[in-house]
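Everything on this sheet refers to the single structure shown next.
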Amino acid sequence: MTEPLIFELSRPGREGIQLPDNDVPAKAVNELLPADMLRQQELQLPETSELDTVRHFTRLSRMNYGVDVGFYPLGSCTMKYNPKICEDAANLPGFTRLHPYQPEETVQGALELMYQTQNYLAEITGMDAMSLQPAAGAHGELTGLLIIKAYLKSKGEKRNKVIVPDSAHGTNPATATLAGFDVVTVKSDLRGNVDVEALREEVDGNTAALMLTNPNTLGLFEENIVQIAEIVHDAGGLLYYDGANMNAIMGITSPGDMGFDVVHLNLHKTFSTPHGGGGPGSGPVGVKAELEPFLPKPLVIRDKEFYKLYYDLPLSIGKMRSFYASFGVVVKAYTYLISQGVVGLKSVSEHAVLNANYLMRRLAGHLNIPFDRTCMHEFVCNPRGLKENGVRTLDLAKRMLDYGYHPPTIYFPLIVEEVMMMEPTETENKETLDEFADNVVKILQEAVEDPEKVKAAPHDTPVGRLDEVTAARNPVLRYSKK
Ligand SMILES: *Cc1c(COP(=O)(O)O)cnc(C)c1O
């Protein structure tokens with residue numbers, strides 16, 4: 001599998017497309033543009049035929065891996081199958097040809113779709129109002145903490161502490177720091193829950209918020225969530241819900257029921273937008289009524305039968321991005337929501353949890369399960385007895401590539417050593433889960449019988465084992481034809 005750069009396939013004068021003769025009077029470009037905007041050198045574009053181009057990109061696409069190719073149990077990321085009908089809807093010309101500055105009366109359908117999506121997501125999360133603006137989960141976190149900050153300020157309060165559990169996703173402490181808060185970590189207990197006594201000691205009159213993921217990043221439901229919410233609220237703090245794991249609880253419980261005040265969702269995880277490849281994503285933020293005035297503007301509202309962008313929000317934190325939302329992603333989420341319906345969404349969560357528990361039980365005799373209790377939509381595990389051979393979790397993950405899988409998340413969360421975090425998602429069938437489990441067992445056997453082979457994996461991928469630090473800092477993007 002060698003593939004040259006398209007520039008290496010280029011031959012002067014070779015073309016992939018023939019354009020008709022120009023019937024507009026020609027004018028030199030330097031008569032149209034100021035000199036400092038003109039290119040100094042010829043534009044370097046590859047010159048290839050249509051067939052060369054198609055073959056080049058098709059070959060490249062076959063070196064890639066995605067959910068549409070095979071199993072992708074990347075915990076926390078929810079790499080589930082995204083129904084193609086969502087793409088079809090987002091590609092309707094009525095949506096793709098809109099301009100964000102069109103008059104409202106010409107975009108009533110798009111505004112209605114945004115309005116409905118706001119309402120559905122608010123209902124699912126148990127919040128009173130929702131903004132679709134943030135561009136991803138981390139951006140939703142920032143939006144949520146800025147809302148909390150503005151709310152506290154409006155009450156004349158100066159609280160600057162944000163508490164995060166030690167199992168939290170790295171974006172949580174990063175966001176709190178970026179929003180100007182001091183971050184304090186609270187440890188987990190032996191069942192994988194927030195240590196309630198440790199939390200009690202940390203919460204005080206300076207506490208602005210607790211950021212929590214539930215189910216948490218160990219795939220475990222916070223059993224003391226009601227008590228946790230009381231502790232924080234009693235001290236005058238707020239609860240922020242990281243909704244990356246919302247796919248485990250839809251239609252069963254909600255952050256609103258648990259006592260959260262602010263939530264973000266990741267539409268590219270739970271609500272069926274392909275995830276990765278640089279986006280775009282979408283991280284809507286929902287709040288309880290008291291915080292509604294601080295949401296980013298504009299919101300989409302309905303005024304009698306007319307939908308409009310509403311800017312009259314004097315306490316709003318302002319705009320968090322250009323225009324109104326990652327609109328195409330919102331169309332996909334809306335399509336997913338109405339095609340699943342209430343019953344379908346609940347069944348999504350039930351199957352996500354069922355699949356994770358099934359896979360966990362299939363592997364329990366072969367891998368160590370540090371928190372041996374019913375999991376939610378994902379679980380953590382680690383290899384046992386491999387240290388003598390020097391085989392690490394990284395090696396197992398690399399070997400999975402040879403078996404045609406995207407490996408699970410590894411070395412996160414940080415509190416379990418040599419951890420693997422598996423999220424099968426609800427869209428996989430039993431045969432796939434069984435086959436994966438069998439192959440993991442095979443790889444674990446290989447790790448005992450032929451550890452050097454596993455340590456040198458992958459063997460069958462276009463590129464072998466990389467020095468990951470060098471690869472990240474000094475990537476070689478040209479395929480070597482050695
Ligand atoms: C993915 C994830 C985030 C960050 O979301 P992005 O959309 O990638 O910015 C935050 N918290 C958790 C638990 C996550 O899994």
Side-chain angles (χ1 to χ4, degrees), residues 67 72-80 82 121 125 131-146 162-179 183 185 188 192 194 209-222 225 239-249 255 258 260 262-286 320-321 325-326 328-330 332-333 352 356 375-380 406 408-416 419-425:
V67 180
Y72 206 135
L74 190 68
S76 215
C77 290
T78 312
M79 302 302 286
K80 64 185 183 184
N82 301 292
L121 297 179
T125 53
S131 162
L132 301 175
Q133 249 185 57
H139 197 212
E141 291 172 33
L142 180 63
T143 305
L145 287 198
L146 292 180
V162 167
I163 303 174
V164 298
D166 58 3
S167 62
H169 194 270
T171 51
N172 291 185
T175 298
T177 305
L178 198 64
V183 180
T185 307
S188 306
V194 166
L210 168 71
M211 296 180 89
L212 207 67
T213 314
N214 192 20
N216 63 26
T217 59
L218 300 164
L220 301 172
F221 194 84
E222 280 294 343
I225 183 60
L239 272 97
Y240 182 91
Y241 183 84
D242 177 333
N245 293 341
M246 191 69 206
N247 58 317
I249 61 165
M258 297 176 207
F260 285 91
V262 187
V263 315
H264 85 255
L265 295 170
N266 306 58
L267 298 190
H268 47 284
K269 292 180 181 173
T270 310
F271 296 100
S272 208
T273 272
H275 183 176
S282 174
V285 166
M320 287 303 289
R321 55 161 293 161
S326 298
V329 180
V330 175
K332 290 179 217 179
C375 68
M376 297 296 286
H377 64 302
E378 61 192 357
F379 64 95
V380 296
H406 192 291
T409 297
I410 56 174
Y411 301 107
F412 174 78
L414 306 174
I415 55 176
V416 178
V419 71
M420 279 184 270
M421 184 192 194
M422 299 194 183
E423 178 177 11
T425 84

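Whatever order the structure lists ligands and atoms in, that order sets their numbers, starting from 1. Residue indices begin at 1 and follow the sequence shown.
A donor and an acceptor atom, one from each side chain of T78 and E423, are located under 3.5 Å apart. Residues S188 and D166 bring a donor and an acceptor atom of their side chains to less than 3.5 Å of each other.
Near A136, meaning under 4.0 Å from one of its heavy atoms, ligand 1 places the atoms 7 (O), 9 (O). For ligand 1, the atoms sitting less than 4.0 Å from at least one non-hydrogen atom of N266 are 5 (O), 6 (P), 7 (O), numbered in the order shown with element in parentheses. Atoms of ligand 1 found under 4.0 Å from any heavy atom of S76 (numbered from 1 in listed order, with element): 13 (C), 14 (C), 15 (O). The T171 neighbourhood of ligand 1 comprises atoms 3 (C), 4 (C), 10 (C), 11 (N), with distances under 4.0 Å to a heavy atom of that residue.
C77 is listed as a side-chain neighbour of H275, based on a closest heavy-atom distance under 4.5 Å. Contact annotation: the side chain of E378 approaches that of N245 to within less than 4.5 Å [non-hydrogen atoms, C-beta and beyond].
In this structure, the side chain of S131 does not engage the main chain of V285 through any donor-acceptor pair within 3.5 Å. K332 places no side-chain N or O within donor-acceptor distance of the main-chain N or O of F271, the cut-off being under 3.5 Å.
The closest heavy-atom contact to atom 2 (C) of ligand 1, among the options E141, K269, H139, E378, comes from K269. The option with the heavy atom closest to atom 7 (O) of ligand 1, from among H268, E423, H275, is H268.
Among protein heavy atoms, atom 9 (O) of ligand 1 sits closest to A138 N, 2.8 Å. The protein atom (non-hydrogen) at minimum distance from atom 6 (P) of ligand 1 is G137 N, 3.5 Å. Distance from atom 11 (N) of ligand 1 to its nearest protein heavy atom, with residue and atom name: D242 OD2, 2.5 Å.
Checked options N172, I163, V194; the residue passing with L212 is V194 (criterion: side chain to side chain contact (heavy atoms under 4.5 Å, CB included)).
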